[in-house]
Trainee: 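Pasting a structure below so you can have a look.
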Amino acid sequence: QARVVARSAAQIAGVAWAPGGEEIWFTRNDEEPMSIWAVGMEGRPRLVYRGTSDLLLQDIARDGRVLAVSYERRSKSGVVRPGTDEPMKDLSWLDQSILDDISTDGSTILFSENDRIANLRRTDGSPPVHLADAKALALSDDGKWALAIRAHETPESRQLLVLPTGPGLGKTIELTGL
């Protein structure tokens, strides 16, 4: 007999049978932090484990050991110089720094903060430069221009931005029909 254990597939991830086959364990991802829950054949969920960071259930061994991935909602961007013993240089800025491109000579990165703020930063660790309130995309080969897209606000505000990485004026290309 089928039992409903979640109202939406978006609520659960990392599903595994518990030893003995009487319970299904899963990661509940509609709450923070993501935690591990179990549900038996009666259909009543119970909390198994909640930590301080998000967890994603991978599997459960026959002896009851649990394999889970713990992660934080922080993205870091860094660079490593090939052929050197230098440690990775963390070039992250806030909590969600996503590397979008690196210049041809490796001296500059283009990154987005939370997919909504385009920034430029030299790989020497100097402070970031805000380019636009948009998602960064790519640097031109000569490093003089950056592309960004403004698509998160409303469907009417879909714009491709061509931004100078130094002095100058940018251009806005309306992306109608996309």
Trainee: Honestly curious: do F26 and W17 fall in one hydrophobic cluster under the side-chain, below-4.5 Å linking rule?
Mentor: yes
Trainee: Same cluster or not: W93 versus L120, using hydrophobic residues (I, L, V, M, F, W, Y) connected whenever any side-chain heavy atoms lie under 4.5 Å apart?
Mentor: no
Trainee: How far apart are the closest heavy atoms of G125 and R121, and which atoms are they?
Mentor: O-NH2, 3.3 Å
Trainee: Tell me whether F111 is reachable from L91 by hopping between hydrophobic residues (I, L, V, M, F, W, Y) whose side-chain heavy atoms are closer than 4.5 Å.
Mentor: yes
Trainee: Output yes when a side-chain donor or acceptor of S112 lies under 3.5 Å from a complementary backbone atom of A136, and no otherwise.
Mentor: yes
Trainee: List the atom of I149, the atom of L175, and the distance in Å for their closest heavy-atom pair.
Mentor: CD1-CD1, 3.8 Å
Trainee: Supply the atom-to-atom distance T123 OG1 to I109 CD1, rounded to the nearest 0.5 angstrom.
Mentor: 8.0 Å
Trainee: Could you grab the distance from atom CZ of R28 to atom CG of L47, nearest 0.5 Å is fine?
Mentor: 9.0 Å
Trainee: Heavy-atom count around R44 CZ within 6.0 Å, excluding the residue itself: above 12?
Mentor: no
Trainee: What's the shortest heavy-atom distance between D133 and R150, and which atoms?
Mentor: O-NE, 3.2 Å
Trainee: What residues form a side chain to side chain donor-acceptor pair (under 3.5 Å) with S35, not counting sequence neighbours?
Mentor: E31, W37
Trainee: How long is the straight-line distance from OG1 of T108 back to CG of D101, given to the nearest 0.5 Å?
Mentor: 10.5 Å
Trainee: Just wondering, are more than 12 heavy atoms of other shown residues or ligands nearer than 6.0 Å to CG in D142?
Mentor: yes
Trainee: For residues L94 and E113, report the shortest heavy-atom separation together with the two atoms involved.
Mentor: CB-OE2, 3.1 Å
Trainee: Under 4.5 Å between any side-chain heavy atoms of I24 and V15, yes or no?
Mentor: yes
Trainee: Just to verify, what does D100 make a salt bridge (charged side-chain N to carboxylate O under 4.0 Å, His left out) with, not counting sequence neighbours?
Mentor: K135
Trainee: Taking only residues at least two apart or on different chains, which pairs with a member in residues 58-68 satisfy side chain to side chain donor-acceptor pair (under 3.5 Å)?
Mentor: D63-R65
Trainee: With distance as the sole test, does S92 use its side chain to make a donor-acceptor pair with the main-chain N or O of S97 at under 3.5 Å?
Mentor: no
Trainee: State yes or no: do L110 and I102 share one hydrophobic cluster built from I, L, V, M, F, W and Y residues joined by side-chain heavy-atom distances below 4.5 Å, directly or via other members?
Mentor: no
Trainee: Quick check on the hydrophobic clustering: are L137 and L161 connected, directly or via other members, by side-chain heavy-atom contacts under 4.5 Å?
Mentor: no
Trainee: For D105, which residues count as a side chain to side chain donor-acceptor pair (under 3.5 Å) partner, sequence neighbours excluded?
Mentor: S103, S107
Trainee: With a 3.5 Å cut-off and sequence neighbours excluded, list the donor-acceptor pairs that the side chains of residues 162-173 form with protein atoms.
Mentor:
from	atom 1	to	atom 2	distance (Å)
T165	OG1	G143	O	2.6
T165	OG1	K144	O	3.3

Trainee: For the residue pair I60 and P19, what are the closest heavy atoms and their distance?
Mentor: CG2-CD, 3.5 Å
Trainee: Do you know the tightest heavy-atom contact between A118 and A148?
Mentor: CB-CB, 4.3 Å
Trainee: Measure the spacing between CG of L55 and CD1 of I36 and express it to the nearest 0.5 Å.
Mentor: 5.0 Å
Trainee: For W145, which residues count as a side chain to side chain donor-acceptor pair (under 3.5 Å) partner, sequence neighbours excluded?
Mentor: none
